[in-house]
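Reviewing the structure listed below.
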Amino acid sequence: MTARKRAPRVMLTALVAGLALNGVAIAQETANQGELARTLETADLSSEAKALVRHKALEAVHLGLAEGEVAELVQRGVDRGVPAGELTRLLEVVTEAKRQDLPVGRVLDKVKEGLAKRVPPERIVNAASRMSSELATARDLIRQAEREGVRVAKARQREKAIEAVAEALGQGVPPSEVAKLSRKVAGAAPRAGTMSLLDEGVEIAADLVSMGLSPPDATETVAEGISQGLGRRDLNRLREGLARELKRGASAEEGAQQLREQLRSGRREDRPRRNDAGDRRKPAELVR
Amino acid sequence: MTRFEELLEGHLAGELAPEEEREFTALLAQAENRRTLMAHQTTAVLLQGVRRLPLSPSFTEEVLAGLPEPRSPQWAKVWDSLWAPRALRWNLASALAVILVLAVTPLAWRALSGPRAILTGRQPAAVVRFTLHAPGAERVSLVGDFNGWRSDEILLSDTTGQGYFSGALPLKPGRYAYMFVIDGTKWVTDPTAEDHRDDGFGNKNAVVTINETEQVDDGT
């Protein structure tokens with residue numbers, strides 16, 4: 001067979017292979033695009049209610065929310081028996097977060113959590129709105145941190161840090177304390193002053209607060225760790241350190257004070273110690 | 001090559017400068033150099049007596065054709081192949097086929113790169129075991145942000161028959177909030193969890209943190 005006769009067959013084969021390869025994708029894409037419509041079609045709502053929900057849902061999709069996510073939210077609300085008006089308010093709070101370009105996943109998650117726990121829609125809206133507000137404040141704090149010199153290697157690190165700060169704000173860590181931590185991270189050793197470190201530090205501070213420490217004590221303890229050059233993994237152990245002190249009967253403040261003194265003196269119970277033979281052995285594993 | 005031999009070449013070609021000629025003449029004082037000159041002159045006389053054959057017009061090509069093919073490195077062949085000019089023949093049907101494939105391929109990428117499951121990705125997963133002692137319960141499910149708070153998706157099993165419902169879940173490093181649901185209706189906070197957080201609805205979520213290289217047993 002000459003090359004001239006072979007070429008059309010090769011092209012035809014490529015066409016068939018290409019269509020076959022994309023056939024599934026096309027079908028899947030078509031399926032995704034119809035999910036919202038199918039959800040509304042089968043929903044036990046009046047026509048007016050469906051129109052109301054459809055309008056708000058499409059607004060969310062047009063802003064960039066995945067149609068599957070919106071459809072799932074609508075489905076869960078319908079299954080819960082949430083009235084159309086309340087359902088649109090739930091959609092609105094998520095839409096507003098997206099409009100402000102906040103990490104909308106967290107807000108969506110909070111709404112799903114509320115629906116799953118059968119929380120009254122009004123309280124879900126309040127909790128989700130509060131979360132949005134915390135995310136907005138967190139984003140401002142992270143922007144400030146970057147201006148002060150905290151380095152970001154990837155965009156995802158920034159987003160994670162925003163979520164961690166929002167979580168900390170929700171736990172009662174005030175913005176001023178978060179700002180203190182970010183200045184501490186910015187002033188850390190050249191390669192250490194990263195958004196990942198700030199993310200971890202804020203998370204640990206929030207954990208210490210949940211263990212009973214006051215926010216200033218919590219951030220002071222974490223800041224001391226950062227000053228002493230602790231990395232992300234070592235900062236994690238502050239939580240274990242405080243838990244250990246609490247088990248010994250110390251108050252949270254006393255435990256934090258003890259931790260800070262250990263950090264300053266360079267003595268940490270989770271560091272490997274030399275025994276008499278000069279071997280480095282790890283101490284017994286901490287009990288969780 | 002000695003200095004005399006260099007000068008001899010130039011002398012025979014008639015290309016020596018005057019000072020080089022004088023140097024050449026001076027070197028002829030040496031007997032060895034005179035013998036070398038005589039050998040060259042003898043050779044020249046012999047060559048003058050040799051019959052000269054006329055060369056064919058394609059003499060050069062014939063010699064080159066008789067030479068073996070040069071063995072170029074493989075990469076050089078590939079490189080030459082890449083840059084060799086080619087004529088591309090096409091028709092409308094083929095062009096439409098290519099356009100169609102190019103047009104729908106982005107749809108494929110977008111569809112296939114949907115939301116990732118929490119259990120896939122480059123980071124290794126840690127296996128976390130969740131356990132709840134719920135004597136008298138018929139069904140206990142694990143619900144959290146790792147599964148979008150779907151209350152009927154992850155069912156724990158009571159293998160002992162004594163009300164200890166347990167199950168293992170691979171989770172990527174990160175922090176996860178969760179609760180147990182007993183018999184589809186009763187939401188229970190894991191009492192053995194290391195960390196708890198307000199959920200904003202008046203309940204407390206248990207929180208499990210998976211560090212990058214760790215396995216957690218969050219329960220008894």
Side-chain angles (χ1 to χ4, degrees), chain A residues 3-4 7-8 10-12 14-19 21-32 66 68-69 72 76 105-106 108-120 123-124 126-128 130-131 160 163-164 167 170-171 203 206-207 210-211 232-233 236 239-240 243 288, chain B residues 88-91 93-115 143-153 174-175 177-179 181 185 187 192-205 207 209 211-214 216-219:
Chain A
R4 197 169 176 176
V10 169
M11 296 308 299
L12 191 60
L15 171 63
V16 170
L19 282 175
L21 189 65
N22 289 300
V24 172
I26 293 168
Q28 188 171 349
E29 182 73 17
T30 309
N32 286 343
E69 291 276 18
E72 187 182 355
R76 290 202 196 192
R106 295 292 301 276
L108 199 51
D109 204 58
K110 183 56 66 179
V111 172
K112 287 181 190 175
E113 183 184 354
L115 287 171
K117 292 179 176 178
R118 307 191 80 84
V119 174
R123 290 180 67 189
I124 301 175
N126 290 342
R130 192 165 50 245
M131 176 165 278
K160 274 196 69 191
E163 292 175 352
E167 174 81 20
Q171 290 298 310
E203 222 169 68
D207 287 346
S210 74
M211 293 167 79
R232 293 178 63 215
R233 284 194 188 175
N236 244 314
R239 187 173 35 212
E240 294 167 7
R288 285 186 170 275
Chain B
L88 184 66
R89 301 185 66 178
W90 64 281
N91 55 52
S94 309
L96 287 173
V98 170
I99 289 168
L100 188 62
V101 171
L102 289 174
V104 299
T105 297
L107 284 176
W109 281 110
R110 197 158 69 124
L112 292 173
S113 61
V143 189
D145 52 15
F146 40 67
N147 76 330
W149 296 97
R150 291 185 195 87
S151 56
D152 54 356
E153 198 172 70
R175 178 167 292 207
Y178 68 95
M179 290 182 80
V181 180
T185 56
W187 288 73
T192 64
E194 277 189 2
D195 198 6
H196 298 92
R197 294 289 168 87
D198 287 328
D199 65 356
F201 304 125
N203 302 311
K204 281 218 181 280
N205 285 331
V207 175
T209 303
N211 295 316
E212 282 185 1
T213 51
E214 184 172 6
V216 173
D217 187 346
D218 191 50

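All chains are named by letter (A, B, ...) in the order of the sequence lines, taking the proteins before the strands, and each is independently numbered beginning at 1. Computed from a predicted model, the values in this text were never measured in an experiment.
- Listed options A:A206, A:P120, A:A243, A:A128 were ranked by heavy-atom pairs under 4.5 angstrom with chain B; first place goes to A:A206.
- For a residue to count as touching a neighbouring chain, one of its non-hydrogen atoms must lie under 4.5 Å from one of that chain's; by this rule B:N205 touches chain A with the side chain only.
- Of the two parts of A:E167, only the side chain, counted from C-beta on, holds a non-hydrogen atom closer than 4.5 Å to a non-hydrogen atom of chain B.
- The candidate with the highest count of non-hydrogen atom pairs below 4.5 Å against chain B, out of A:K112, A:E203, A:R76, is A:R76.
- Residues B:W149 and A:A116 approach most closely at O-CB, 3.2 Å, considering heavy atoms.
- Looking at A:K110, the atoms closer than 4.5 Å to chain B (heavy atoms on both sides) sit in the backbone and in the side chain alike.
- Counting heavy-atom pairs closer than 4.5 Å to chain A, the top-ranked of the candidates B:D199, B:V181, B:N203, B:D198 is B:D199.
- Remark: A:R106 CZ to B:D145 CG distance equals 8.0 Å, nearest 0.5 Å.
- Proximity to chain A is absent for every atom of B:V143, based on heavy atoms less than 4.5 angstrom apart.
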- Message: Show, in sequence, the C-alpha distance, side-chain angles and deciding distance for A:E113 and B:M179, and conclude whether the side-chain contact (heavy atoms from CB on, under 4.5 Å) test is met.
- Response: CA-CA 10 Å; A:E113 183 184 354; B:M179 290 182 80; 5.8 Å; no
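- Pairing each heavy atom of B:G200 with each of A:A127, the nearest pair is O-CB, 4.1 Å.
- The closest side-chain heavy-atom distance from B:E194 to A:E240 is not below 4.5 Å.
- Within the model, atoms CZ of A:R118 and CH2 of B:W187 stand 10.0 Å from one another, a figure rounded to the nearest 0.5 Å.
- Of all the heavy atoms in A:D109 and B:G148, the pair that sits closest is OD1-CA, 4.5 Å.
- Taking CZ of B:R197 as the reference point, atom CG of A:D207 lies at 4.5 Å (rounded to 0.5 Å).
- Looking only at heavy-atom pairs under 4.5 Å with chain B, the residue among A:R130, A:R239, A:M131, A:K160 that has the most is A:R239.
- Using a 4.5 Å cut-off between heavy atoms, B:R150 contacts chain A through both its backbone and its side chain.
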